[in-house]
Amino acid sequence: MLWAGFVFGLLGSFHCVGMCGAIALALPGRAEAASARYVGGRLLYNLGRITTYATLGAAAGLLGQSLRLAGLQQGLSIASGLLILVLVGLPPRYTDRLAGLLGLRRPLAWVKNTLAGLFQQPSWRALYLTGVLNGLLPCGLVYLALAGALSAPGIPGAAAYMASFGLGTLPLMLGLSLSGRLVPLLWRTRMRQAVPYAASGLAVLFIMRGLGLGIPYLSPQLSTPEKIQARQPQSVHNCR
């Protein structure tokens with residue numbers, strides 16, 4: 001499923017340009033001759049974003065693992081798909097409201113104030129931390145990716161899924177921070193409009209996996225505690 005996270009991030013990066021492009025363009029540092037230090041600072045900023053995505057993915061994986069241990073693996077995959085569909089239909093203006101409902105207004109205010117201070121520091125450490133905090137800002141695209149990470153296999157798998165998502169956003173976001181004019185406005189608009197369709201396709205994939213239709217790779221039969229118990233050799237039961 002790592003490829004799905006990467007492809008979703010690649011397509012969704014046009015959304016990132018619209019939402020976080022201003023931050024990428026305003027990063028401190030002089031672009032004199034595109035020096036290695038300048039390019040390295042932009043890479044560190046993006047590495048910071050990916051670090052946050054992977055950490056959030058690990059948290060989602062912890063929740064998903066708990067639900068799988070309760071025998072809810074198939075239901076979790078279906079629920080993840082349905083959650084993605086709900087988030088796709090959620091108007092963008094409700095993103096901040098969702099953060100408020102989760103009690104995140106004060107932490108987000110701290111994040112924004114800290115970001116303002118980091119923009120005054122051109123050091124590599126400040127650029128990396130800018131990326132880390134940027135990844136915590138409300139973003140419907142990240143919420144969609146996290147909904148998918150819930151169904152990833154285990155905590156490392158969920159973290160890797162979100163890291164793959166972040167890597168998918170890297171080419172365009174890095175290019176934007178270096179050039180500022182990488183993609184024409186018309187193409188950015190069109191690709192942002194395509195994001196809901198890509199997310200819906202990802203949601204259908206998770207739902208089909210949860211249904212366990214027996215289709216290799218696309219909808220394999222998932223093992224539940226009852227099925228695992230039934231597969232145990234009879235000799236094991238006879239030895240009791």
Side-chain angles (χ1 to χ4, degrees), residues 1-21 23-24 46 49-65 67 75-102 104 108 111 131-155 157-173 188-211 218:
M1 294 298 292
L2 296 183
W3 64 268
F6 179 82
V7 171
F8 185 56
L10 189 64
L11 294 175
S13 59
F14 290 87
H15 173 87
C16 294
V17 167
M19 299 301 294
C20 300
I23 294 178
N46 284 284
R49 290 192 308 110
I50 296 172
T51 300
T52 297
Y53 296 154
T55 303
L56 293 174
L62 178 61
L63 175 59
Q65 185 178 61
L67 294 174
L76 176 60
S77 185
I78 295 173
S80 296
L82 293 175
L83 179 58
I84 291 175
L85 290 176
V86 170
L87 290 173
V88 165
L90 189 68
R93 65 179 180 276
Y94 288 112
T95 301
D96 289 334
R97 294 186 183 182
L98 179 61
L101 290 174
L102 295 175
L104 299 178
L108 287 175
V111 167
V132 169
L133 295 178
N134 187 174
L136 294 174
L137 294 176
C139 175
L141 187 71
V142 174
Y143 298 159
L144 287 170
L146 285 172
L150 283 171
S151 296
I155 298 175
Y161 177 88
M162 288 301 295
S164 297
F165 163 78
L167 287 173
T169 68
L170 177 61
L172 190 58
M173 288 296 290
R188 295 203 302 266
T189 302
R190 289 179 177 177
M191 293 306 297
R192 286 183 63 186
Q193 292 172 344
V195 169
Y197 298 99
S200 297
L202 187 64
V204 171
L205 175 61
F206 281 118
I207 292 173
M208 291 190 67
R209 283 180 61 84
L211 292 175
L218 182 61

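Both backbone and side-chain heavy atoms feed into the values below; hydrogens, waters and symmetry mates do not. Everything numeric in this text was worked out from a predicted model, so none of it was measured.
Shown here are the side-chain contact (heavy atoms from CB on, under 4.5 Å) partners of V204, two or more places apart in sequence or in another chain: M208. For L167, the side-chain contact (heavy atoms from CB on, under 4.5 Å) partners two or more places apart in sequence, or in a different chain, are F6, I50, L170. Checked against side-chain hydrogen bond (donor to acceptor under 3.5 Å, both in side chains), T51 has the following partners two or more places apart in sequence or in another chain: Y128. A58 is linked by a side-chain contact (heavy atoms from CB on, under 4.5 Å) to I155, A159, counting only residues two or more places apart in sequence or in another chain. Residues forming a side-chain hydrogen bond (donor to acceptor under 3.5 Å, both in side chains) with T169 (at least two apart in sequence, or on another chain): R49. Every residue two or more places apart in sequence or in another chain that forms a side-chain contact (heavy atoms from CB on, under 4.5 Å) with A147 is listed here: L83, I84, L87.
Of all non-hydrogen atoms in A145 and Y161, the two that sit nearest each other are O-CE2, 3.3 Å. Annotation for L108 and L137: closest pair CD2-CA, 4.4 Å, computed over non-hydrogen atoms. Residue M162 comes nearest to A149 through the heavy atom pair CG-CB, 4.0 Å, listed as atom of the first residue, atom of the second, then distance. Taking each heavy atom of G61 and A158 in turn, the nearest pair found is CA-CB, 3.4 Å.
Taking the side chain as every heavy atom from C-beta outward, V142 and T52 never approach each other to under 4.5 Å.
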